[in-house]
Amino acid sequence: MNRIKVKDNIFYIETAASCYVFGIWHGFAEHLYYGAKIPFSDVDVLKEKRSVILVNTLYPADDPTYSIDCKAFEFSLPGRGDSRSSSICLNCDKDPFDFVFDTYYLNSPSDQSPMPLPRKYDESLRVRFVDRIHEGVTLDLVYLVSYDDDVIARYSELYNGGNANIEILKFDSAQTDMLSANKKLVTFHGAWGREMSAVHEKLTAGKYTHGSYSGMSSAECNPLFFVADAGADEDDKEVYGFNLMYSASHEISAEVTPYGGLRILHGLQSENLRYTLRPQQKFTTPCSLSTYSGSGFNKASQNFHDFVRRSVVEQKDVPVMLNTWEAVYFGMDEKKMRTLADKAAQCGFECLVIDDGWFKGRNDDTTSLGDWYEDKKKFPSGLKDLSAYFAEKGLVTGIWIEPEMISEDSDLYREHPDYALKTEGLRKIVGRGQYVLDMTDKRVQRHVEDSVARLVEEYGAGYVKWDFNRRFAETDCTKGSGYFYDYVKGLYSVLARLNKRFPDLIIENCASGGGRFDLGMAYYTACGWASDNTNPLSRAEIQQGVSYGYPVSFTLCHVAASPGHQTMRTSELKDRINTAFFGVFGVQADITKMSDEETDMLKKEISDYKRCRKLLMSSDVYRIMTGEDGYRVTQTLSNDGKRGFLYLMREKFYTDTQLPVIKLKGLKKDSLYSISGQVAEVTASGETFMRAGLILPQNYQGAGRTDQTLMLTDSGTLLLEIKVKE
Ligand code: GLA
């Protein structure tokens, strides 16, 4: 099927519900339309735009009707009459660059990149521009279309076929110019332990910029963002979603223009980029993704979920795991691990992850990173032996590692101080007692690969938790932020080799929780740890934030102890379990200390979860309430519309208030559904549950109660099952 059509240098890219159109005029790539699908036969109409401004206008010498500042473009360079922010800025001996359209290719075999690209897509378009000033320098814009998911992936490639170095000062992955500016921007902010908090900004005059400048995709600003009609909500109005398949510093900017348009740029951190492209070298930007929904944020998120499941993450069955971090921290030994394994097996866990603290001399966080050998004092019989014990109990062995790091007090540092990233002359800056390794160095890449391989080959790991707990402080102006690009290129190459070498190995992506929770890492790992914060109240918000761009099947959710170690809040086990249900389920607490009653509850939960996890992993997710009046409500529904779950978090209890009526989403109008779980079964048609909604039983009001009274007080949760009655 032709998903990409071309007519008189107008390019039309079609997905199931949207289309993206641009064309070539005066050598420029002019953006014409992105939105709900319109027929290809109408594209000529899109050309006829008012574009003349009378004063202050700049236009090509042969066409005074073509006001450059008013037009929408696919990319822009400074000094060409477009006074908005540019997506590309280059320097070569101070000569200007002037790219003009040359040719295009459909489904070109050269659509490859050192950065991750979608594993699957339907068709591709490569549009080439040549620089009029430097012979041999070309700029390619590449578009990959995933028709069913309504996702278009884009990246750009600069080839230096000249004979002088080009300094790249800015090179965004995508420029999206919109003709209307009455929009809001939704970005995902936070910090450690409070990742993915959605922030809505009404765009007015001027430019809004946010991003990460720490070398990581970061907890401070996830690369995911949305641009939506000012009045858009979860189910209504136009929403454009964007994300990057990239794990280092990045930038998002939205600029309202004086002529009623909007320019959206995203890609690499531009500040201090300074990347040198030598003759005969190519620079490929990280891949940017966009999706369009005509019916609110839920649909845009579902598009991303489908796309990430099909085209980003290599789907693997992630086991139900017990993680030792909050159970024992550094105080682990062979005996404790065996006791945990015994209890884990009884409860139905499938994997035991030995977190930080297992390797030589590691008793706190100040030493030993880099020495990835078992600590003989803690494990006299060795990890191999322990792993065989786990296997007897039916448990996969998981091992934590932070392979991109080095402690000063380590054999690795004593032997190879040069592996650590440094800039001569700068004072040392330390984070969590450690330095980052220089992943651009091939020797370091080999060390990292060998260290992880040893966990699999010598210690029997089937699951590796790959952590990254420190940001960069050695990338001053001399290195430029372009260093981060080379860093992740090195990192990705190691991850790619490991995945090839050990196809069954499951890698978990972690960076002090969600510090690198992005689609670059998702490409190489099976699941991600979205936050260290496991308190249900915090977690309900974090998980809803995550749900805007990342599927349940990628998101690890753990039950931990009460009071929660990050918040010191107490919580009921039931509420922790309900909250962890909407992801890849696990526990990180000392289960040997649980009472019989708690153990039974956990066992039941694990068996319920196993029963429906396949379905849950592939279900659609709907956000029903996102904090309104202190409620967070999320629903899932299987692809056939027959089974789902409903989760409700009541953040704060007030006396004399009623629980909200919950209007379910996506059900089949005429089917009969039953809803049950923590409330007595209710049966009604899909239409009734969607329109009149689910009316929950009476909740406690502050005085008086019966056996039937629901007891949703502070941080109280409900988990209900939705089923079609056959
Ligand atoms: C980070 C991770 C935690 C744990 C510790 C171990 O903080 O996010 O889950 O693995 O490191 O040091």
Side-chain angles (χ1 to χ4, degrees), residues 190-196 214 216-220 222 247 318 321-332 336-337 340 351-372 375 378 397-407 409-410 430-436 451-452 455 461 463-471 506-518 521 525-535 538-539 542-543 546 554-561 564-567 576 580 583-590:
W192 172 79
R194 52 180 171 88
E195 296 87 345
M196 295 302 288
S214 59
M216 308 159 70
S217 53
S218 87
E220 287 76 16
N222 195 271
S247 309
V318 183
M321 76 201 67
L322 174 68
N323 176 296
T324 63
W325 181 236
E326 291 189 9
V328 294
Y329 291 102
F330 296 104
M332 58 173 67
K336 183 71 191 172
M337 290 298 130
L340 281 172
C351 173
L352 204 166
V353 183
I354 307 173
D355 210 285
D356 197 354
W358 60 268
F359 47 99
K360 212 174 144 207
R362 179 76 163 178
N363 295 313
D364 57 36
D365 64 8
T366 59
T367 71
S368 312
L369 297 174
D371 300 346
W372 305 113
D375 188 308
K378 293 179 184 173
T397 301
I399 303 184
W400 177 95
I401 187 167
E402 200 182 352
E404 300 156 71
M405 296 289 165
I406 186 166
S407 305
D409 183 1
S410 68
V430 189
R432 214 191 184 206
Q434 65 202 51
Y435 305 118
V436 186
S451 306
V452 177
L455 305 186
Y463 183 103
V464 166
K465 175 173 172 184
W466 186 304
D467 210 341
F468 184 88
N469 282 315
R470 190 215 122 145
R471 48 189 68 200
I506 292 175
I507 303 180
E508 168 186 337
N509 164 38
C510 174
S512 302
R516 240 176 14 187
F517 198 90
D518 60 64
M521 287 307 285
T525 57
C527 51
W529 183 226
S531 177
D532 278 346
N533 191 343
T534 41
N535 171 258
S538 311
R539 195 75 189 191
I542 293 167
Q543 281 169 205
V546 165
F554 183 71
T555 311
L556 292 172
C557 298
H558 287 182
V559 171
H565 295 190
Q566 296 75 31
T567 57
R576 280 174 273 145
V584 179
F585 186 81
V587 172
Q588 54 174 310
D590 190 347

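Bear in mind the structure is a predicted one, so any value in this text is a computation, not a measurement. Read the numbers this way: they start at 1 and go in the same order the structure lists the ligands and their atoms.
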query: Are the side chains of V559 and V587 in touch, meaning some heavy atoms are under 4.5 Å apart?
result: yes
task: Report all protein residues having a heavy-atom distance below 4.0 Å to some atom of ligand 1; order the list by chain, then number.
output: W325, D355, D356, W400, R432, K465, D467, N469, C510, S512, G513, W529, D532
statement: Residues at least two apart in sequence or cross-chain that pass ring pair (Phe, Tyr, Trp, His ring centres under 6.0 Å) with Y463, listed by chain then number, are none
Partner set under side chain to side chain contact (heavy atoms under 4.5 Å, CB included) for Y329, not counting sequence neighbours: W325, E326, H565
Residues that C557 engages under side chain to side chain contact (heavy atoms under 4.5 Å, CB included), provided they are two or more places apart: Q543, T555, A580
query: Within the side chain of R362, is there an N or O that forms a donor-acceptor pair under 3.5 Å with the backbone of F330?
result: no
message: Checking D355 against W358: is there a side-chain donor and acceptor pair closer than 3.5 Å?
response: no
